[in-house]
Amino acid sequence: ALLVVGGAWAAPPRHAFELGADLSSLPRVESNGATFRDSTGPADAIAVLGRNGFTAVRLRLWHSPARGECGLDSTLAMARRAHAAGLRVLLDLHFSDTWADPGHQAAPAAWLGLSAEALADSVGAYARAAVAALAAQGTPPDAVQIGNEVDAGMLWDAARIGGPFDTPAHWEAFTSALAAAAGGVHTACPTARVVVHLAAGGDRAACVRTLDRLVAARVPFDAIGLSYYPWWHGSLDALRANLAALAGRYRRDVMVVETAYPWTLGWFDAGRNLVGSPGQLLAGFPATPAGQAAFARAVRRAVEDVPDGRGAGVWWWEPAWIAAPRGGSPWENCALFDSSGAALPALRAFAR
């Protein structure tokens, strides 16, 4: 987090470029019977990633999930596994009981009806407790997202922003909640970087609209995280331009905390996949193992090329969410393992 030094905020020490994977769904995929392997043979998926060059795991945390998935206990267990494999942890606080993104930012049921001030207090206390739990078991997070894709705010509708919610009161609730979250992270783990995560990977104007307001409100954060899926967020050139512009404007590290690309447009279970149309592809990057590998290299290069060394890392979203014997996946063709659990070329291309 940003450390308070003489009344100012100073960033924690920086380290080498991070190559990460969001593995939040891995326990469910494993319980459904999936297995994984690379050229050296069968292995735990985390071990496969680690021995092929990955350096970090991203874990989403839901407040009170209905079935326990992505709750604190499972997140603590995954953090232990990541550290045992030598990987650092990026904690992704959703501040919701379920998925949080630009279209869904429901406040936890436990916080419904709270005033804006009480919400901020709850956010700060929750962030502090979650990070403290990770630190207490010897797996302190290297970085913490204070919200997931918060382009439209969070904790709807109290801290919602944009459209009819673009009011001073809503912005105050939003920035106060973010500042409280950053404070909670810093209190529990002063060395953890605080990350603000926006979805608009290729849209500079949209990012600036939000980030300028956060800076004006003195919300403390170390790094800017972006999502980049080309079917939603545009060209690689748009991503490159946005990364460079944000790093220069805000003098902070930038990272792509979510990205992925298909290796096929086919599917291996009864359900259709989220990405299944040729119209969703980038020109020059076919939905083949080689095309996926080329995309992986291109996104990594885009972040590595950010001026002044401000590109801090890239995370592939759910590379192990494959269709398993007892459970399907809408993301199987964007994973870094094929339908049998074998590592695809993109896994090595991304991390080496």
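The figures here come from the full heavy-atom set of this structure, side chains too, leaving out hydrogens, waters and symmetry mates. When a residue number appears, it is its place in the shown sequence, counting from 1. The model shown is predicted, which means the values in this text are computed figures rather than measured ones.
- Formation of a donor-acceptor pair under 3.5 Å by the D97 side chain with backbone atoms of A109 is found in this model.
- R348 has no carboxylate O lying under 4.0 Å from a charged side-chain N of D38, or vice versa, which leaves the two without a salt bridge.
- Separating the CG atom in N52 from the OG atom in S39 is a distance of 6.5 Å, to the nearest 0.5 Å.
- Between L274 and C334, every side-chain heavy-atom pair lies at or beyond the 4.5 Å cut-off.
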Would you sort out whether R60 and E258 count as a salt bridge (Lys or Arg N to Asp or Glu O under 4.0 Å), showing the intermediate values?
CA-CA 12 Å; R60 62 179 170 267; E258 291 188 25; over 6 Å; no
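- In the hydrophobic clustering of this structure, F221 groups with L178; members are Ile, Leu, Val, Met, Phe, Trp, Tyr whose side-chain heavy atoms approach within less than 4.5 Å, directly or through other members.
- Judged by distance alone, the side chain of D151 and the main-chain N or O of P102 form no donor-acceptor pair under 3.5 Å.
- A 4.5 Å side-chain heavy-atom check between W321 and S24 finds every atom pair outside the cut-off.
- Applying the ring pair (Phe, Tyr, Trp, His ring centres under 6.0 Å) criterion to F268, with sequence neighbours excluded, gives W263.
- Counting only distance, with no hydrogens or angles, the side chain of Q280 and the backbone of G276 share a donor-acceptor pair below 3.5 Å.
- In the hydrophobic clustering of this structure, V144 groups with L134; members are Ile, Leu, Val, Met, Phe, Trp, Tyr whose side-chain heavy atoms approach within less than 4.5 Å, directly or through other members.
- The CG atom of N333 sits 12.5 Å away from atom CD1 of I322, with the distance rounded to the nearest 0.5 Å.
- The minimum heavy-atom distance linking S25 with E69 is given by the pair OG-OE2, 3.9 Å.
- Put simply, the side chain of V150 does not reach to within 4.5 Å of the side chain of Q145, judged on heavy atoms.
- With a 4.5 Å cut-off on side-chain heavy atoms, M78 and V89 do not count as touching.
- Residue V195 is not grouped with residue L59 when hydrophobic side chains (ILVMFWY) are merged at heavy-atom distances under 4.5 angstrom, including chains of intermediate members.
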For W156 and H104: C-alpha separation, side-chain torsions, deciding distance, then whether side-chain contact (heavy atoms from CB on, under 4.5 Å) applies.
CA-CA 8 Å; W156 287 359; H104 314 83; 5.5 Å; no
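- With respect to R252 and D222, no salt bridge is recorded, no charged nitrogen being found less than 4.0 Å from a carboxylate O.
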Give the intermediate values and the outcome of side-chain contact (heavy atoms from CB on, under 4.5 Å) for residues L214 and T175.
CA-CA 6 Å; L214 302 191; T175 57; 3.8 Å; yes
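- Here the side chain of T259 pairs a donor or acceptor atom with the backbone of Y228 at under 3.5 angstrom.
- The aromatic rings of W99 and W317 sit tilted, their planes meeting at an angle between 30° and 60°.
- Remark: side-chain polar atoms of H170 are paired, donor with acceptor, to backbone N or O of D157 under 3.5 angstrom.
- Panel note: side chain Y126, backbone G184; no donor-acceptor pair is recorded below 3.5 Å.
- Note: F350 and F54 have tilted aromatic rings, judged against thresholds of 30 and 60 degrees for the angle between ring planes.
- For the pair L87 and G50, the tightest heavy-atom approach, listed with the atom from each and the gap, is CD2-CA, 4.1 Å.
- For W267, the CH2 atom sits in a loose shell: 12 or fewer heavy atoms of surrounding residues, nucleotides or ligands are nearer than 6.0 Å.
- Once rounded to the nearest 0.5 Å, the distance linking CG of L226 with CD of E149 reads 10.0 Å.
- Here the closest heavy-atom approach between residue V257 and residue G225 is recorded as CG1-CA, 4.1 Å.
- Between V123 and L155, some side-chain heavy-atom pair lies under the 4.5 Å cut-off.
- The shortest non-hydrogen separation linking H83 to P140 is NE2-O, 3.8 Å.
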Taking it one step at a time, do F95 and N148 satisfy side-chain contact (heavy atoms from CB on, under 4.5 Å)?
CA-CA 8 Å; F95 299 116; N148 190 77; over 6 Å; no
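- Atom CD of E332 is separated from atom OG of S339 by 8.0 Å, given to the nearest 0.5 angstrom.
- The side chain to side chain contact (heavy atoms under 4.5 Å, CB included) with L243 is formed by just one residue from the set I224, D305, V254; it is V254.
- Going from atom CG of L26 over to atom CZ of R28 covers 10.0 Å, rounded to the nearest 0.5 Å.
- Closest approach of G201 and L239 over heavy atoms only: O-CD1, 3.6 Å.
- To the nearest 0.5 Å, atoms CZ (R81) and CG (D44) are separated by 4.5 Å.
- More than 12 heavy atoms of other shown residues, nucleotides or ligands fall within 6.0 angstrom of atom CD in Q137.
- In the hydrophobic clustering of this structure, L344 does not group with L23; members are Ile, Leu, Val, Met, Phe, Trp, Tyr whose side-chain heavy atoms approach within less than 4.5 Å, directly or through other members.
- Put simply, the side chain of S96 does not reach to within 4.5 Å of the side chain of Q105, judged on heavy atoms.
- With 3.5 Å as the limit, one finds no donor-acceptor pair spanning the side chains of R240 and S235.
- Residues I46 and A85 share a closest heavy-atom pair of CG2-CB, 3.7 Å.
- Note on ring orientation: taking the six-membered ring where Trp is involved, the planes of F285 and Y261 are perpendicular (angle over 60°, cut-offs 30° and 60°).
- Side-chain contact between R37 and S340: present, with at least one pair of heavy atoms (C-beta onward) separated by less than 4.5 Å.
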CA sep, side-chain torsions, deciding dist, call: L336, Q292, side-chain contact (heavy atoms from CB on, under 4.5 Å)
CA-CA 9 Å; L336 295 178; Q292 185 191 49; 4.0 Å; yes
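- Ring geometry for W232 against Y229 counts as perpendicular: the plane angle is over 60°, on a 0 to 90° scale with 30° as the lower cut.
- Two residues are said to be in side-chain contact when any heavy atoms from C-beta on lie closer than 4.5 Å; V314 and W316 fail this criterion.
- Looking only at distances, no side-chain donor or acceptor of S176 sits under 3.5 Å from a matching main-chain atom of A173.
- Follow the hydrophobic side-chain contacts under 4.5 Å out from L90 and you never reach L19; the two are in separate clusters.
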